Amino acid sequence: MFRRHTRPGRRTILLTVGALTAGLLLTTPQPASAANLVKNPGFETAGTDGMPYCWERSGWGDNDFTFTTVADAHSGSRAMKVELTRRADGDRKALITESAACAPVVSVGRQYDLGLWYRSTTPDTSLTLFRHDTTAGWQYWTDLKTLPISAGWSEATVRTPEVPAGTDRISWGVSVYGTGSVTTDDYTMDQVADPVPEPVCTGTAEECGDGRWDVLPTQNPVRSMHSVVLRNGKVLLIAGSGNSEEMFEAGTFTSAVYDPANGTYKQIPTPDDMFCSGHVQLDDGRVLVMSGNKGYPSADGTVGYQGYKDSYLFDPVTETYSRTNDMNDGHWYPSATILGNGDVISFGGLKEDSTGSVTAELWSDAANKWLPLWQVNQTWSYWGLYPSMILMQDGRLFYSGSHTFGNNIPGTGSAVYDYAANTVTEVPGLRRKDERDQSASVLLPPAQDQRVLTIGGGNIDSNPDANRLTDIIDLKQADPAYTAGPPLPQGTVDLGGGAVPQTGGQGKMYVSAVLLPDGKVLETGGALHNRADPVYETSIFDPATETFDPVAADPEARGYHSSAFLLPDGRVMATGDNPGNGSWNHDVSLYTPPYLLKGPRPDITSVIDKEWVYGDTQRITVDRPIAKAELIRPAAVTHSSDPNQRFVDLPLSVDGDNVDLNVTSNPNLAPPGWYMLFAVDANGVPSVAEWVHLQGPSALAAASGDTAAAHVHSFADALEGDVDGPGRKRASVEVDPAVAGCDRHYGSANVCVPTVFPAEVGKTAASRCAWLKANDYGRLRINGKDDPLRLDRDRDGVACGKGDTRKR
């Protein structure tokens, strides 16, 4: 089951000692040596309050602890012992004092090698860093390394990430978050030399600055709106009926597997209409596909889309689907989030009768099935369609506010959902919350930073111009709130008469956001209105500077039912587009980012072990120096949504071409499964990915031996928003049959005549028909006797005929 550590009911108070500028010293304070940036590295100089000079206590939570200076040292006469004798939650840390007198000075963009000697009786320890931001002050930075149990003195070394902008000093030390003790001594800190030559451009000057898009010669054979990068590097493309009522009536459901190695497609027998299903990769690499389309809307518009209860597993080895047990409800457009224990939780979507599902569903990894309703916590909340639910480092879920179709949920539009407590707490700050329809939300690199970026969006009900808004939230704060990010760059938009520059607040919905191995985010594709007016704009967001850099734009329209995703070779693939006239773009684009045009790539020459365990150290060899390594979870994306996409930093311990990678102890940061492992040099040039398997529940149990538990921090521990517990039990909520923003009185079910036209179109039949003609809608029959948009003025059963637009 889905659990997290119990959190204290009040705001956590850190136990800390301030800067030590006075007090009785047993010896003269020892400065850092020329090579070692740590002052008093061996604790030989005493300070006040029982702590050595330039060292302080810190920590949080409900636990019993002691900090002791002991004589059993690695060298000299003193060492520092931190011990927990009882723990309900939290940790205790011995850190370098957060002061100008003691904390080492660092340079932005540089890396530092840290080292210490230790003895430990618990596997629940981590080397933890804090940084001083010149504007925001001291704050948590990251965990670098889990220290294995060691009865004798052992050395631990690790390299920091590049120092972030605005940082002038750091503090670090060892956290203890399980019962037992850790004794440390002889700390070292050295700046890493910079051996990296300047990159050499291997393309044109424009390509080296902006990258390059190539449209592939072979088209995608299926109308795929779901894209899943499989653990063998191939791509599963799911169409189902492909939003085609004709294919649905014929029982023709399709999928294909694309092989980037040779550019071929293999069509896969598809047992059901997986159009607008949910999907997620399980810890063994199989793909769980949930729900889909039981039926299209009725011709008269009185019944909407219907979601079935069916669920399937796709095996990437046999390339076949197999049936699982049914879900408790139908869920057309459900969320799907994998949890730290390998379970999957799902919310929202439409039931078999077209109403909104309020049932939370839980897939048990251990039982390999959907659990019955009575075994799953229920709030009876309706989360809408494809709500973006991102797993936080403590096991709660952050609903980012990104969703599909219409308005956001009531309240502030974003929230923290706590499964264990069964509560929903509103989170403030999301701007224009009811215009985030088919925005994109992504957990920014690295996942350890716990920051989420939300990009663009619109509203298919009111159909305004899609916006340029971006909002960023830092979930490390006690009471996090969205803050305004930089506006999206503007590109060109095709309003039916050719591409023209965007103006004013014009942005885009149907956004794709892709994590890149250099630690940045590619955003691409989109449209200005509901299934119309494609926007040609692509840019790269840098989380370090919070800026967008416009780059080459995909030459293909990528609006509704499009997706973009990272391939193991570091390129980005984009596919699909399904405008309101019902057509489909079968062309596929590949983006080569600038980092692939900067000369030779580093090569991972060996991976000692591809089966990884949390808290472990794994060795690789490389052919030249690298600056960082990371795990990127492969995409499972649809409708601008992939809440499981994440980039997990792997701190390095470097010995020539041998690089030890330190794996997080926290499965909520990196849920079990298959990952792409990239090694990246100081110029941001990545290797081709190697596939590694971060093991599932069998590796998570912190029992005997040296298995590490998760190091959970006290982030978002003082939420002040409105809190809702479980409401009254109910079967569903009413949802407008026109939830997709389409008036079904015109044309077939796969054609979307908007219920609300863009504002500039006007309300006359002539202007509306001119817009439909410019967007290639063709002949539109009238379904039934109603004509709510007044497009069949001569009442001949066909909209926008000659008699309908003639002046009278």
Side-chain angles (χ1 to χ4, degrees), residues 15-17 20 26-27 29-30 32-33 36-61 63-87 90-98 102 104 113-130 143-158 171-189 615-617 651 653 662 665 702 704-709 711:
L15 178 68
T16 184
V17 176
L20 302 177
L26 299 184
T27 61
Q30 297 173 335
S33 68
N36 186 5
L37 299 177
V38 179
K39 291 184 178 180
N40 199 17
F43 311 111
E44 298 300 315
T45 304
T48 60
D49 197 27
M51 290 296 288
Y53 173 70
C54 277
W55 292 88
E56 66 182 2
R57 302 180 182 93
S58 183
W60 70 280
N63 46 70
D64 296 335
F65 58 90
T66 58
F67 290 79
T68 311
T69 302
V70 298
D72 181 16
H74 172 255
S75 70
S77 59
R78 290 180 174 82
M80 172 57 63
K81 182 178 181 180
V82 182
E83 183 172 19
L84 268 62
T85 54
R86 181 194 63 84
R87 178 187 180 276
D91 63 33
R92 296 295 152 182
K93 312 175 185 76
L95 298 174
I96 296 172
T97 303
E98 295 177 346
C102 297
D113 281 329
L114 311 182
L116 57 88
W117 288 83
Y118 77 97
R119 300 173 66 175
S120 174
T121 65
T122 173
D124 299 332
T125 63
S126 179
L127 199 157
T128 300
L129 273 68
F130 289 76
D143 284 350
L144 288 183
K145 185 182 183 71
T146 300
L147 305 180
I149 290 176
S150 178
W153 286 104
S154 294
E155 186 179 21
T157 60
V158 67
S171 168
W172 58 282
V174 172
S175 303
V176 183
Y177 50 94
T179 56
S181 66
V182 178
T183 305
T184 59
D185 199 1
D186 294 338
Y187 283 64
T188 60
M189 176 176 170
D616 202 0
T617 299
S653 300
N662 296 280
S665 68
S704 60
D706 59 357
T707 302
H711 189 194

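Predicted, not measured: the structure shown is a model, and the values here were computed from it.
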Quiz prompt | Candidate pair Met80 and Thr69, rule side chain to side chain contact (heavy atoms under 4.5 Å, CB included), full reasoning | solution = CA-CA 5 Å; Met80 172 57 63; Thr69 302; 3.8 Å; yes

Exercise. Start with the C-alpha gap between Leu84 and Thr66, add the side-chain angles, then the distance that decides, and say whether side chain to side chain contact (heavy atoms under 4.5 Å, CB included) holds.
Key: CA-CA 7 Å; Leu84 268 62; Thr66 58; over 6 Å; no

Side chains of [X] and [Y]: closer than 4.5 Å at any heavy-atom pair?
| X | Y | answer |
| --- | --- | --- |
| Trp172 | Leu95 | no |
| Pro104 | Ile96 | yes |
| Glu83 | Phe65 | no |
| Ser181 | Thr122 | no |
| Ile149 | Pro123 | yes |
| Val174 | Leu147 | yes |
| Ser120 | Val182 | yes |

Exercise. Over all heavy atoms of both residues, which pair between Arg92 and Val82 is shortest? Give the atoms and the distance, please.
Key: CB-CG1, 4.1 Å

Practice problem: With rounding to the nearest 0.5 Å, note down the distance linking CG in Leu144 to OG in Ser126. | Solution: 7.5 Å

Practice problem: Could you walk me through whether Tyr187 and Trp55 pass ring pair (Phe, Tyr, Trp, His ring centres under 6.0 Å), step by step? | Solution: CA-CA 12 Å; Tyr187 283 64; Trp55 292 88; 4.7 Å; yes

Strictly distance-based, threshold 3.5 Å: is any side-chain N or O of [X] a donor or acceptor partner for the main-chain N or O of [Y]?
| X | Y | result |
| --- | --- | --- |
| Asn662 | Thr617 | no |
| Asp185 | Ser75 | yes |
| Asn40 | Thr45 | yes |

Exercise. Using the side chain to side chain contact (heavy atoms under 4.5 Å, CB included) rule, take Leu127 and Val158 through it: C-alpha gap first, then chi angles, then the decisive distance, then the call.
Key: CA-CA 9 Å; Leu127 199 157; Val158 67; 4.1 Å; yes

Under 3.5 Å, is there a donor-acceptor pair between the [X] and [Y] side chains?
| X | Y | value |
| --- | --- | --- |
| Glu44 | Ser77 | yes |
| Arg86 | Asn63 | no |
| Ser665 | Tyr177 | yes |

Practice problem: List for me each residue that meets side chain to side chain contact (heavy atoms under 4.5 Å, CB included) alongside Ser154, sequence neighbours excluded, and say none if there are none. | Solution: Tyr118, Ser150

Exercise. Using the test side chain to side chain contact (heavy atoms under 4.5 Å, CB included), find all partners of Thr157 that sit at least two apart in sequence or belong to another chain.
Key: Glu155, Ser653

Practice problem: Taking only Lys NZ, Arg NE, NH1 and NH2, and the carboxylate oxygens of Asp or Glu, determine whether Lys81 and Asp72 approach each other closer than 4.0 Å. | Solution: no

Practice problem: Output yes when Asp49 and Arg57 qualify as a salt bridge under the 4.0 Å nitrogen-oxygen rule, no when they do not. | Solution: yes

Quiz item: Do you know which of Thr128, Asp143, Thr125, Thr146 makes side chain to side chain donor-acceptor pair (under 3.5 Å) with Ser175?
Solution: Thr128

Practice problem: With sequence neighbours left out, write down each residue that passes salt bridge (charged side-chain N to carboxylate O under 4.0 Å, His left out) with Asp91, or none if nothing qualifies. | Solution: Lys93

Exercise. Taking the six-membered ring of Phe43 (Phe, Tyr or Trp), confirm whether the NZ or CZ of Arg78 is under 6.0 Å from its centre and within 45° of its axis.
Key: no

